[in-house]
Amino acid sequence: MQWTLVIPVKPLARAKSRLSDTAADGLRPGLALAFAQDTVAAALTCPQVGDVAVVTGDALAGRELAALGARIVADEPGGGLNAALAHGARVVRSRRAETPVAALNADLPALRPAELSRVLAAAAQFPRAFLPDAAAIGTTLLTAAGGRELHPAFGVDSRARHRASGAVELGLDAVDSVRQDVDTGEDLRAALALGVGPRTAAATARLLIPGQ
């Protein structure tokens, strides 16, 4: 089974506000873009992934991620994360109605293709499934098999919300790179410890991060 990943990227100027204790205002847009670039680049090399659709209204992010091989879907709803994901899934399935889709966070700079492959293989056993984030509160990946609606419920307490929606929680070990999203300075340190992609490594080289 090959999946189409739907990855949402918000306007870079408004991204990663919770990193304000680690990165100045002028650096955060570049960090957010680097996270997305490393996430998309890793995802595109995963054998379980057929293609990647990035939903964004940011022109720079669109250009840079398209250059990596992602398909760009305009964020026409402009209604936030879940609306963007639902829209992206509809666009993907307007071409191939039965394709399995997976919503993946754009801030997984340590993403390993082999670990993503394991997660997607496990998810393929269920109509809908999700992977909780490293904090065990949120969600980094939500899947829907062909013919099933995605029903994204990202945001506060999304782990509980996705579980309540009927999606199966994937309890996999050794997939830390798929679980480690980056919202805070502590998250960034954890991602750096796992080993981030080249763009994030370059972007964080200008930061003074305690413990690194």
Side-chain angles (χ1 to χ4, degrees), residues 1-10 12 15-16 19 28-56 58 60-73 81 84-85 88-89 92 99-124 129-135 138-143 150 152 154 170 172-183 187-205 207 212:
M1 178 185 294
Q2 284 206 312
W3 298 79
T4 291
L5 301 189
V6 180
I7 299 180
V9 176
K10 69 166 56 176
L12 298 176
K16 298 301 160 194
L19 277 173
R28 288 199 300 276
L31 276 176
L33 178 58
F35 296 164
Q37 288 173 304
D38 285 334
T39 300
V40 168
L44 284 167
T45 64
C46 174
Q48 300 264 4
V49 174
D51 66 330
V52 171
V54 171
V55 184
T56 188
D58 190 286
L60 174 60
R63 288 195 303 271
E64 294 295 328
L65 297 172
L68 294 175
R71 183 197 328 174
I72 306 303
V73 177
L81 176 57
L85 287 169
V92 165
T99 190
V101 296
L104 183 71
N105 286 9
D107 57 351
L108 299 169
L111 185 63
R112 300 288 188 271
E115 293 184 13
L116 177 59
S117 184
R118 284 190 60 219
V119 174
L120 292 173
F130 73 96
L131 186 73
D133 66 8
T139 303
T140 57
L141 179 136
L142 172 70
T143 67
L150 191 61
F154 288 83
L170 300 173
L172 298 174
D173 295 325
V175 291
D176 293 348
S177 76
V178 195
R179 300 183 64 203
Q180 188 58 67
D181 55 355
V182 177
D183 289 317
D187 294 336
L188 181 53
R189 286 188 286 274
L192 289 168
L194 288 173
V196 296
R199 298 163 188 84
T200 300
T204 55
L207 305 178
Q212 294 296 321

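Residue numbers count from 1 along this sequence.
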Item to check | Pairs satisfying salt bridge (Lys or Arg N to Asp or Glu O under 4.0 Å), at least one member in residues 109-123, at least two apart | outcome: none
Item to check | Partner set under side-chain hydrogen bond (donor to acceptor under 3.5 Å, both in side chains) for D187, not counting sequence neighbours | outcome: T184
Checklist entry - Under a 4.5 Å cut-off applied to non-hydrogen side-chain atoms, are L116 and L5 in contact? => result yes
Checklist entry - Below 4.5 Å, heavy atoms only, C-beta onward: do L108 and F35 meet side chain to side chain? => result no
Next on the checklist: With a 3.5 Å distance limit and no angle check, can you tell me whether T56 reaches the backbone of V9 through a side-chain donor-acceptor pair?
Outcome noted: yes
Item to check | Any residue meeting ring pair (Phe, Tyr, Trp, His ring centres under 6.0 Å) with F130, in chain and number order, not counting sequence neighbours | outcome: H162
Checklist entry - Sequence neighbours excluded, which residues qualify as salt bridge (charged side-chain N to carboxylate O under 4.0 Å, His left out) partners of D58? => result none
Checklist entry - Can you name the residues that form a salt bridge (charged side-chain N to carboxylate O under 4.0 Å, His left out) with R71, not counting sequence neighbours? => result D51
Checklist entry - Between V52 and V54, is any pair of side-chain heavy atoms under 4.5 Å apart? => result yes
Checklist outcome for this item: Rounding to 0.5 Å, atoms OG1 (T140) and CG (N105) come to a distance of 5.5 Å
Checklist entry - Any side-chain heavy-atom pair from L33 and E64 closer than 4.5 angstrom? => result yes
Item to check | N/O donor-acceptor pair under 3.5 Å between T143 side chain and A129 backbone | outcome: yes
Checklist entry - To the nearest 0.5 Å, how far apart are CG in L104 and OG1 in T139? => result 11.5 Å
Checklist entry - Roughly how far, to the nearest 0.5 Å, is the CG atom of L65 from the CD1 atom of I7? => result 8.0 Å
Item to check | Non-hydrogen side-chain atoms of D107 and T39 separated by less than 4.5 Å | outcome: no
Checklist outcome for this item: d(L111 CG, D176 CG) to nearest 0.5 Å is 12.0 Å
Checklist entry - Who passes side-chain hydrogen bond (donor to acceptor under 3.5 Å, both in side chains) against T200, sequence neighbours left out? => result D38
Next on the checklist: Is it the case that the side chain of Q2 and the backbone of P47 share a donor-acceptor pair, with hydrogens and angles ignored and the cut-off at 3.5 Å?
Outcome noted: yes
Item to check | Separation between CG of L141 and CZ of R179, rounded to the nearest 0.5 Å | outcome: 12.0 Å
Next on the checklist: On a heavy-atom basis, which atom in A201 and which in T204 lie closest, and how many Å separate them?
Outcome noted: O-OG1, 3.2 Å
Checklist entry - Got a second to check how far R28's CZ is from K16's NZ, nearest 0.5 Å? => result 11.0 Å
